[in-house]
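Here's the structure, in structure tokens; my notes come after.
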Amino acid sequence: MAAPGKKDYYETLGVGRDASADDIKKAYRKLTRKYHPDANPGDAAAEAKYKEINEANEILSDPDKRAQYDQFGYVGDMPPGGGGFGGFGGADFGDLFGDLFGSAFGGAGRRSSNPNAPRRGNDLEYTMSISLEDAYRGISQKIEIPRLETCDRCSGTGAEPGTSAETCPTCNGNGQVQQVVNTPFGQMAQVTTCPQCHGKGKIIKTPCRECKGQGRVRKKHSVEVKIPPGVDTGVRLRVSSQGESGINGGPAGDLFLLIEVKMDKRFQRRGDDLNTTVDIAYPQAALGCEVKIPTFDGQQTLDIPAGTQPGSKLRIKGRGMPRLRGKGNGDMNILVRVSISKNPTAKEKELLAQIADELKVPIRKGKK
């Protein structure tokens, strides 16, 4: 459990501390779908929860950050929310000693990161449903995704055109301020987020009326995506730089496509193979025949050998799905079913009786 005042990222994602990377990824995807702002328009609580989920995923999905969080309970120079070592008035020894000796030795301690430095935009995920035939051939398709983009009106500054952001007078643009705290060792300096600019280092007195000072607005973005032949349900494809716009001129995030392949009435997919069935009559099974089998590339002739038994499985090589990470195609597997007429004509009954006599097998006689 996290110390008082600190965020428990495991609790946020609903996973245990021993969760694997896959467990964290699955929990993150499930929660982002539930709390995404587009699924909860105007819901401030859902939006806040969505931000917490992304923050937790950013830490727990990075092995180095997760290791630091597991060891110290936070990542970076200060614990989230300014929490500290339990039992000593909330002071964190690492930061207290760092600030103390950093000042004593000419600023040799840790320095805070620039609040106005460029930051990469968030990645986005889009679930894309396609037909089995589309998965066989591969397709190019335009999709629309909601994402945060740089505000055109203010060019991302957050300030109304004709005005500009001003350096925060409280922190002088550092985004952090020092405050003196009492500890068992006396008074020491503690670094906290600036209460006036909330860590941004700048104050916008006249916010842009389009983005309300955020520098980004949510828009529907159209992008053409290419789906390669052979994809299957669960495949995750990356489209570079099509995620949300960066902050302070940072690069855009990526768009990830999660593929779902719909069921097909004609074929059942098993890996790279396709399975189907064919119905033939008893004489065809006994004497052999040729039948037409549908494939995604047209009709294919299949030879049914004489004496084929009901339930036999035949194969057409190379008529299955393209191999996504290899050459060639899988196979088409055909289950042979022998159909029996439920209402045979008088002539059919006569001929079947003759066959029964020839084979010396008993049948019911005298019934129409």
Side-chain angles (χ1 to χ4, degrees), residues 1-83 113 115 119-128 143-149 193 198-200 211-212 214-221 234 236-239 241-248 250-260:
M1 181 179 294
K6 296 182 181 179
K7 297 179 181 179
D8 190 334
Y9 292 129
Y10 292 99
E11 183 177 333
T12 298
L13 294 184
V15 298
R17 302 187 74 86
D18 59 347
S20 66
D22 285 339
D23 293 336
I24 291 171
K25 185 184 295 183
K26 290 177 183 177
Y28 170 67
R29 289 180 183 174
K30 181 179 178 180
L31 290 171
T32 52
R33 289 194 185 100
K34 181 178 179 181
Y35 291 102
H36 197 283
D38 292 327
N40 304 273
D43 189 335
E47 184 175 355
K49 182 69 173 178
Y50 181 72
K51 291 179 180 178
E52 290 179 10
I53 293 164
N54 278 280
E55 180 181 340
N57 181 67
E58 181 182 354
I59 300 303
L60 299 185
S61 63
D62 184 307
D64 294 334
K65 292 181 180 179
R66 181 179 180 181
Q68 183 181 348
Y69 175 72
D70 288 343
Q71 185 174 1
F72 300 109
Y74 64 91
V75 174
D77 287 343
M78 284 295 298
S113 59
R119 284 187 287 161
R120 183 177 182 273
N122 288 332
D123 293 335
L124 297 176
E125 186 172 275
Y126 180 89
T127 300
M128 187 172 180
I143 60 173
E144 281 194 342
I145 55 172
R147 69 175 190 178
L148 288 174
E149 296 185 356
T193 300
H198 305 291
K200 294 181 179 180
C211 65
K212 306 299 187 293
Q214 299 301 310
R216 297 187 299 174
V217 292
R218 187 167 296 279
K219 294 182 179 179
K220 284 192 174 181
H221 173 66
R236 197 165 180 252
L237 305 174
R238 183 174 66 131
V239 186
S241 303
Q242 293 297 327
E244 292 186 341
S245 297
I247 300 173
N248 299 328
D254 296 330
L255 169 65
F256 289 90
L257 299 177
L258 186 62
I259 302 298
E260 289 183 355

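Worth saying up front: this structure is predicted, and the values here are computed from it rather than measured.
Atom CG of Asp254 sits about 12.5 Å away from atom CG of Leu237, to the nearest 0.5 Å. Interatomic distance, CG of Leu60 versus CD of Glu55, reported as 10.0 Å (0.5 Å rounding). The CZ atom of Arg29 lies 4.5 Å from the CZ atom of Arg236; values are rounded to the nearest 0.5 Å. Residue Glu144 holds its CD atom at 13.0 Å from NZ of Lys219, rounded to the nearest 0.5 Å. The distance from atom CZ of Arg218 to atom CZ of Arg147, rounded to the nearest 0.5 Å, is 11.0 Å. The CD atom of Glu47 sits 11.5 Å away from the CD atom of Glu52 when rounded to the nearest 0.5 Å.
Between Tyr50 and Tyr35 the shortest heavy-atom distance is CB-O, 3.5 Å. In terms of heavy atoms, Val217 sits closest to Cys211 at CG1-CB, 3.5 Å. When all heavy atoms of Gly234 and Leu258 are compared, the pair lying nearest together is O-CD1, 4.0 Å. When all heavy atoms of Glu149 and Ser245 are compared, the closest pair comes out as CA-OG, 3.2 Å. Nearest heavy atom pair, residue Leu124 against residue Pro146, reads CD1-O, 3.9 Å. The minimum heavy-atom distance between Gly243 and Ala252, with the atom names listed, is O-CB, 4.4 Å.
For the pair Asn57 (side chain) and Tyr9 (backbone), a donor-acceptor distance under 3.5 Å is absent.
With 3.5 Å as the limit, one finds a donor-acceptor pair spanning the side chains of Tyr28 and Asn54.
Between Met128 and Ile143, some side-chain heavy-atom pair lies under the 4.5 Å cut-off. Taking the side chain as every heavy atom from C-beta outward, Ile53 and Lys49 approach each other to under 4.5 Å. Between Asp8 and Arg17 the shortest side-chain heavy-atom distance falls below 4.5 Å.
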